[in-house]
Amino acid sequence: QVQLVESGGGLVQPGGSLRLSCAASSNILSINNMGWYRQAPGKQRELVAVISISGSTRYADSVKGRFTISRDNAKNTVYLQMNSLKPEDTAVYFCNAPGVTTPATVYPGKYWGQGTQVTVSS
């Protein structure tokens, strides 16, 4: 059993930045494909970014060049640095593990955090 706890959400103006954190209850060196997903009101949950044990990353097209996922194995924490935020980034952001990746897609794992709200508005 792995517990994931997100933090760092909040209200930010368009063009601003936020950094989300996902703290895991287990050693993340044993957890492959930790990822961030988001769900906006009335929409399906979607992948934002995923990072493997080796550090390779994948991003949704909508966030490429603006968001960066990283992991600190010593702190058992995964981060999502979000820059140049847009109103359409408004959503609840969830941490997830352990995902499964194929060349075509990423499947979420069975562990989810409780989510953290990100609101981008002036």
Side-chain angles (χ1 to χ4, degrees):
Q1 186 79 8
V2 177
Q3 293 183 337
L4 304 171
V5 180
E6 303 98 333
S7 61
L11 172 65
V12 63
Q13 292 187 342
S17 298
L18 280 176
R19 189 177 79 156
L20 305 183
S21 299
C22 171
S25 61
S26 301
N27 186 342
I28 66 171
L29 280 172
S30 63
I31 305 174
N32 200 7
N33 296 323
M34 295 192 69
W36 287 95
Y37 288 72
R38 66 186 181 187
Q39 187 167 20
K43 295 188 176 181
Q44 290 188 334
R45 193 171 297 189
E46 62 176 2
L47 173 72
V48 176
V50 64
I51 185 167
S52 72
I53 286 179
S54 66
S56 61
T57 57
R58 292 169 69 163
Y59 295 91
D61 287 343
S62 60
V63 306
K64 282 181 182 177
R66 300 188 297 122
F67 291 11
T68 302
I69 189 170
S70 61
R71 59 194 295 162
D72 185 334
N73 295 327
K75 295 183 178 180
N76 291 327
T77 300
V78 174
Y79 302 99
L80 185 69
Q81 178 67 44
M82 306 186 295
N83 299 327
S84 302
L85 282 160
K86 304 175 181 180
E88 51 263 44
D89 295 318
T90 295
V92 179
Y93 283 70
F94 297 91
C95 186
N96 174 266
V100 175
T101 61
T102 72
T105 192
V106 177
Y107 298 96
K110 62 180 178 178
Y111 300 117
W112 293 93
Q114 81 288 352
T116 185
Q117 176 71 47
V118 171
T119 302
V120 184
S121 175
S122 55

Shortest non-hydrogen separation from [X] to [Y] and the atoms involved:
X   : Y   : value
E6  : C95 : OE2-N, 2.7 Å
R66 : S84 : NH1-O, 2.9 Å
A49 : L80 : CB-CD1, 4.2 Å
R71 : I51 : NH1-O, 3.5 Å
W36 : S21 : CH2-O, 3.5 Å
V2  : A24 : CG1-CB, 4.5 Å

- [ ] Calculate, to the nearest 0.5 Å, the distance between atoms OG and OH belonging to S26 and Y111 respectively.
- [x]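 Nearest 0.5 Å value for the OG-OH distance: 7.5 Å.
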
- [ ] Look up atom OG1 in T68 and atom CE in M82, then write down how far apart they are to the nearest 0.5 Å.
- [x]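 Answer for the OG1-CE pair, T68 versus M82, is 11.0 Å.
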
- [ ] Indicate whether any N or O donor in one side chain lies under 3.5 Å from an N or O acceptor in the other, for N33 and S52.
- [x] no

Open item on the list: Could you check whether R38 and Y93, counting side-chain N and O atoms only, form a donor-acceptor pair closer than 3.5 Å?
Closed with: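 Note: Y93 and R38 side chains meet the donor-acceptor criterion.
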
- [ ] Apply side chain to side chain donor-acceptor pair (under 3.5 Å) to T119 and S121, showing your working.
- [x] CA-CA 6 Å; T119 302; S121 175; over 6 Å; no

Open item on the list: Checking I69 against R58 for the side chain to side chain contact (heavy atoms under 4.5 Å, CB included) test, could you report, in this order, the C-alpha distance in whole Å, the side-chain angles of both residues, the deciding distance, and whether it holds?
Closed with: CA-CA 9 Å; I69 189 170; R58 292 169 69 163; over 6 Å; no

TODO: Dump the intermediate steps for side chain to side chain contact (heavy atoms under 4.5 Å, CB included) on Q13 and L85, then the final yes or no.
DONE: CA-CA 8 Å; Q13 292 187 342; L85 282 160; over 6 Å; no

Is there a path of hydrophobic side-chain contacts, each under 4.5 Å between heavy atoms of I, L, V, M, F, W or Y residues, that connects [X] with [Y]?
X    : Y    : answer
V120 : Y59  : yes
V50  : W112 : yes
L47  : F67  : no
I31  : Y37  : no
F94  : V78  : no

Task: Contacts of type salt bridge (Lys or Arg N to Asp or Glu O under 4.0 Å), residue K43, not counting sequence neighbours - done: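 None.
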
Open item on the list: Can you tell me which residue among L18, V92, L11, T90 is in a side chain to side chain contact (heavy atoms under 4.5 Å, CB included) with V118?
Closed with: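 Among L18, V92, L11, T90, the one that satisfies the side chain to side chain contact (heavy atoms under 4.5 Å, CB included) with V118 is L18.
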
Open item on the list: For E88, I'd like to know if atom CD has over 12 heavy atoms of other residues, nucleotides or ligands within 6.0 Å.
Closed with: yes

Open item on the list: If you count heavy atoms of other groups shown closer than 6.0 angstrom to CD of Q3, is the number above 12?
Closed with: no

Whether [X] side chain and [Y] backbone form a donor-acceptor pair below 3.5 Å:
X   : Y    : result
N32 : I53  : yes
N96 : G109 : yes
N76 : I28  : yes

Open item on the list: Could you walk me through whether S17 and N83 satisfy the side chain to side chain donor-acceptor pair (under 3.5 Å) test, starting with their C-alpha distance in whole Å, then the side-chain angles of each, then the deciding distance to 0.1 Å, before giving a yes or no?
Closed with: CA-CA 4 Å; S17 298; N83 299 327; 2.9 Å; yes

TODO: Determine, for K64 against D61, whether the closest basic-nitrogen to carboxylate-oxygen distance falls under 4.0 angstrom.
DONE: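 Salt bridge present between K64 and D61.
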
